[in-house]
A.B. asks: 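The structure's right below; bear with me while I get my questions together.
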Amino acid sequence: MQHQGMAAAPPITQNPDIRYLGRLLGDVIRSYGGETLFRRTEYIRSASVDRHRGVAGADAIDTGLDALSLDDTIAFVRGFMLFSMLANLAEDRQGVATDPGADVAHALERLKDEGVDARAVAAMLEKALVAPVLTAHPTEVRRKSMIDHRNRIAELMLLKDMGHAETREGDKVDEAILRQIALLWQTRPLRRERLYVADEVENALAYFRDAFLPALPALYARWDRALGQRVPSFLRPGSWIGGDRDGNPNVTAASLQLALARAAETVIGHYLEQLHALGAELSISTELASVSDAVVALAEKSGDDSAARRDEPYRRAISGIYARLAATYSEISGRAAPRAITIKAEAYPDPQSFRADLVAIALDLAQTGGGALKSGGALGRLIRAVETFGFHLATLDMRQNSSVHERVVAELLKVAGVEADYLALDEAARVALLRRELANARPLTSPFAGYSDETRGELDIVHAAAAAHRRYGPACITNYIVSMAQSVSDLLEVNILLKEAGLYRPGDTPTAAIMAVPLFETIGDLDKAPGIMSDWLSLPEIAGISALRGHQEVMIGYSDSNKDGGYLTSTWGLHQASRALVPVFEQHGVAMQLFHGRGGSVGRGGGSSFQAIRAQPHGTVAGRIRITEQGEVIAAKYGNVESAMTNLEAMASATLLASLEPDPIGEADRTRFAACMDQLSDDAFRAYRGLVYETDGFRQFFRQMTPLTEIADLKIGSRPASRKKSDAIEDLRAIPWVFSWAQARVMLPGWYGVGEALAAFRDQALLREMVEAWPFLQSTLANMEMVLAKSDMLIAAKYAELVEDKTAAQAIFGRIRDGWQKAHDGLLTVTRQTRLLEKNPALDQSIRLRLPYIEPLNLLQVELLKRHRAGEDDARIREGIQLSINAVATALRNSG
Ligand code: PGA
């Protein structure tokens, strides 16, 4: 199989790490799988590499796949999957995915050159909030054990770089790497059991513990230096895990409690360890130093009267702080602190009081000895951590679908005798009724009435949230996301539920302890978003609440809008809606906070976060942004402290630039460009909707061509693949939609419709001008280009053979292939390239290196799917399919 458009490409230069790790993997396969397996694997590998390099006559070479028995197939797929994992690792070490200059120091320099001084930066940061929000969206196919082995190999490679021949434990580094690869080879890659919410909670906690907790304080130390003053703690990671119950019946009030309890234990446990180390460090004696009254007072009331520490007031003060924090731990978790202490003390009422004690010590240290102990150090880092993570670690969002709220509120109103048929009311009547209810202090629920399970569950959740606010403080839950939000009543319904638990309080100045946040996620809803927000902010009670809070969040959904309207229309719709929201918020004097719901793959808004934030429309960021981080992206970005620091730097610096840089294009150009985009978007929309929603037999074609059903069997998340029992594309969740197209190497959600739009657009000069001048279009096309480079119509054609209705298959696949060609050609013309990724050699090399490893996996997957669907009932076939899905996803990296 010849790869399309490869002829003019320069040769691939092998990354030496890939060669080294690949050789070790070969050794492992040979010793554990046997010589025959090794030879067969090697044969398939080199034949595929030859074909991709265009070696003469290579097309005729047999792929070697036919010679594999079922057992061999499984072993082979594992081998290729591991190779891809190791290749990813080698690339991460090279920083292939890192944007150059994506750090705060560079951003500050750039801003300075543009006339923005440090004062303006500091003023902006005072009001800033930047939040990566971890979700358990099911796209991570690798088990945590596999990722852990991978991380250990990365650590060992680092030792090797530093020229160490031995590990600290005395093992030879090369042997230790080989050993890890051998362990990987013998670790089962597929989950046998389904994942529970509790597992998802623990998985995420590992990232907080191992990456966010150490990385953020270290970053601030760096940023304080870069800015020449203390930077406010503006970066605060969040989480959805245990709070997002949209379409996931496994998330309940108990999940919310569990997630918050585990988070609090983790973060306070971390502080206790840090305090312990700090006590060891601050051995300053009054015989050699003078100490402020504040520290003496802390030491005096610490309860630590050990004779050995009589002259060490810092240590005594820290013993007292430790005792109070240990008491806080017990009070919050109901268990003794991990490292018990004999001093009896009162728990801290909130993180601010804990911080105040730490600050008293820090101020004192800063005043002694000319300030050598002034900045940073373990104490400085701990203060940062407390400011960032409080006693709750990460803000946990709640999330539910608007249709659930509607039903629940209708039931509450009916049982209370307020309104017999809420669902029959129109929007105006609903709003009037809900506002009346919200102005009334009387609750709607009665402990003596019976409610449906659904309503009971929703009430339990808000009561659990109220209890969490009392226990962990109000920062633990601040936002309640309403999926598929389409109206003001969708938001008021949330307030009705909150009111039942005392989280919304009526009165002269109503208050809401949790903010209702609309998630706009269809093309139509994005269009309506500015109008809905204007109506929302015009309600006097909401205006009052927003003024008190200072901001209102709006969430925008990348995946569902893409599934609804295709790549270009979704991207443009998101851009336009964000822009149109700016004047609405300005008019109401409320700061806007956009929350971007995006995944790893381009069809779900993926691509470089740095570029994506920078390409946001002018005025929409203004220091406040939240972004979801999901699935495989989490391990890639936050797998260790170093990469967490790199990625958080990128996010922070992009936010600085997007907030403070002047608009890259003027008003007149924008108007011209927007008119052009409107037309492109309309054409792309028509082509996309025409194919996906208006073609007879498309649904069936999609289900048979891709491994959609088999993906649903992967045990990669706690939630089901569909919201409803229906095979309509509308009801399918966006993730399996995108994921299955990626497996079949079509990746339709990342490009379909753009080719038709480009082909129909006559003014090439204008298009080129836009591409040169407009970051929005640059990033839109760059992402599409990556997807086109990873897609492969020749392989896709093999998947199309899986479709039973051959005539339909030919017709529909013909349109897809034609659309691909148009997108490909159109892109090359507007970007003035002769082949894909010509101007991005690093990514080009990275993808081309991968392709020969993915192709045999695809070919095997198709064969196994054929046999499976023909009714062959061998457990190894199912296993092979699952493994191949896993392997292709690993090799493509951002596929889910
Ligand atoms: P959702 O997420 O299905 O939870 O809305 C979609 C996505 O992240 O792609």
Side-chain angles (χ1 to χ4, degrees), residues 132-141 195 197 200 204 238-251 255 396-405 479-486 490 517-523 525-526 554-567 570-571 573-574 595-607 609 612 626-634 637 708 711-712 714 716-724 726 728-743 747-750 783 787 889 894-896:
V133 180
L134 268 50
T135 82
H137 279 45
T139 59
E140 172 62 90
V141 290
L195 213 55
V197 180
E200 294 173 337
S239 168
W240 270 17
I241 308 168
D244 170 16
R245 54 198 199 290
D246 173 15
N248 189 349
N250 301 309
V251 178
S255 321
L396 181 66
D397 292 352
M398 300 167 79
R399 180 188 184 218
Q400 182 57 287
N401 203 288
S402 58
S403 57
V404 175
H405 296 142
N479 296 14
Y480 191 135
I481 317 287
V482 185
S483 298
M484 289 292 165
Q486 297 174 323
D490 284 344
V517 175
L519 164 51
F520 298 112
E521 48 185 336
T522 65
I523 303 293
D525 295 342
L526 283 167
V554 176
M555 183 166 188
I556 50 178
Y558 288 65
S559 329
D560 276 277
S561 58
N562 179 310
K563 184 160 73 71
D564 187 28
Y567 179 60
S570 147
T571 315
L574 292 159
F595 185 5
H596 301 263
R598 64 200 285 265
S601 72
V602 169
R604 294 175 48 235
S609 302
R626 297 208 303 155
I627 301 184
T628 52
E629 298 283 27
Q630 331 192 337
E632 70 283 8
V633 172
I634 297 179
K637 284 190 173 174
L708 174 73
I711 286 168
L714 283 178
I716 57 175
S718 71
R719 78 177 195 190
S722 254
R723 285 198 174 97
K724 302 183 192 156
S726 126
I729 310 278
E730 289 88 337
D731 293 326
L732 180 68
R733 290 205 89 125
I735 288 172
W737 165 252
V738 174
F739 204 118
S740 20
W741 283 121
Q743 290 284 319
M747 297 167 160
L748 179 140
N783 287 331
V787 175
N894 41 6
S895 65

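In listed order, ligands and their atoms are each counted from 1.
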A.B. asks: Applying a strict 4.0 Å limit to heavy atoms, is Lys563 in contact with ligand 1?
C.D. replies: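 No.
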
A.B. asks: List ligand 1 atoms under 4.0 Å from Arg604, heavy atoms only on the residue side.
C.D. replies: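 Contacts of ligand 1 toward Arg604, numbered from 1: 7 (C), 8 (O), 9 (O).
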
A.B. asks: Under 4.0 Å, heavy atoms only, figure out whether ligand 1 is touched by the backbone of Arg719, its side chain, both or neither.
C.D. replies: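 It is the side chain that gets close, since no backbone atom is under 4.0 Å.
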
A.B. asks: When rounded to the nearest 0.5 angstrom, what distance separates CD1 in Ile481 from CE in Met555?
C.D. replies: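 The CD1 atom of Ile481 sits 5.5 Å away from the CE atom of Met555.
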
A.B. asks: What is the closest protein heavy atom to atom 6 (C) of ligand 1, and at what distance does it sit?
C.D. replies: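 The closest one turns out to be Ser559 OG, 3.6 Å.
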
A.B. asks: Which heavy atom in Gly717 sits nearest to a heavy atom in Pro138, and how many Å separate them?
C.D. replies: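 Smallest interatomic distance, heavy atoms only, reads CA-CB, 3.9 Å.
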
A.B. asks: Distance only, no hydrogens: is a donor on one side chain within 3.5 Å (strictly under) of an acceptor on the other, for Ser255 and Asn250?
C.D. replies: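 No.
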
A.B. asks: Any non-hydrogen atom of Arg598 lying under 4.0 Å from ligand 1?
C.D. replies: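 False for this residue.
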
A.B. asks: Should Asp560 be listed as contacting ligand 1, given a heavy-atom distance under 4.0 Å as the test?
C.D. replies: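 Yes, Asp560 has a heavy atom closer than 4.0 Å to ligand 1.
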
A.B. asks: Is the terminal nitrogen or CZ of Arg626 (NZ for Lys, CZ for Arg) located under 6.0 angstrom from the six-membered ring centre of Phe595 and within 45° of that ring's axis?
C.D. replies: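 Yes, Arg626 lies over the aromatic ring of Phe595.
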
A.B. asks: Working to the nearest 0.5 angstrom, can you tell me the gap between His137 NE2 and Arg598 CZ?
C.D. replies: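 The CZ atom of Arg598 is 13.5 Å from NE2 of His137, to the nearest 0.5 Å.
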
A.B. asks: Tell me which protein heavy atom sits closest to atom 5 (O) of ligand 1, plus the residue, atom name and distance to 0.1 Å.
C.D. replies: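 Ranking protein heavy atoms by distance from atom 5 (O) of ligand 1, first comes Arg399 NH2, 2.8 Å.
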
A.B. asks: Please could you name the atoms of ligand 1 that Gln630 approaches to less than 4.0 Å, counting only its heavy atoms?
C.D. replies: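 That gives atoms 8 (O) of ligand 1.
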
A.B. asks: Could you tell me the residue and atom name of the protein heavy atom closest to atom 2 (O) of ligand 1, and the distance to it rounded to 0.1 Å?
C.D. replies: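 Going by distance alone, atom 2 (O) of ligand 1 is nearest to His137 NE2, 3.0 Å.
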
A.B. asks: With distance as the sole criterion, is a donor-acceptor pair present between the side chains of Ser570 and Lys563 under 3.5 Å?
C.D. replies: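 Ser570 vs Lys563: no donor-acceptor pair found between side chains.
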
A.B. asks: Just do the side chain to side chain contact (heavy atoms under 4.5 Å, CB included) check on Ile627 and Val133 with the steps written out, would you?
C.D. replies: CA-CA 6 Å; Ile627 301 184; Val133 180; over 6 Å; no

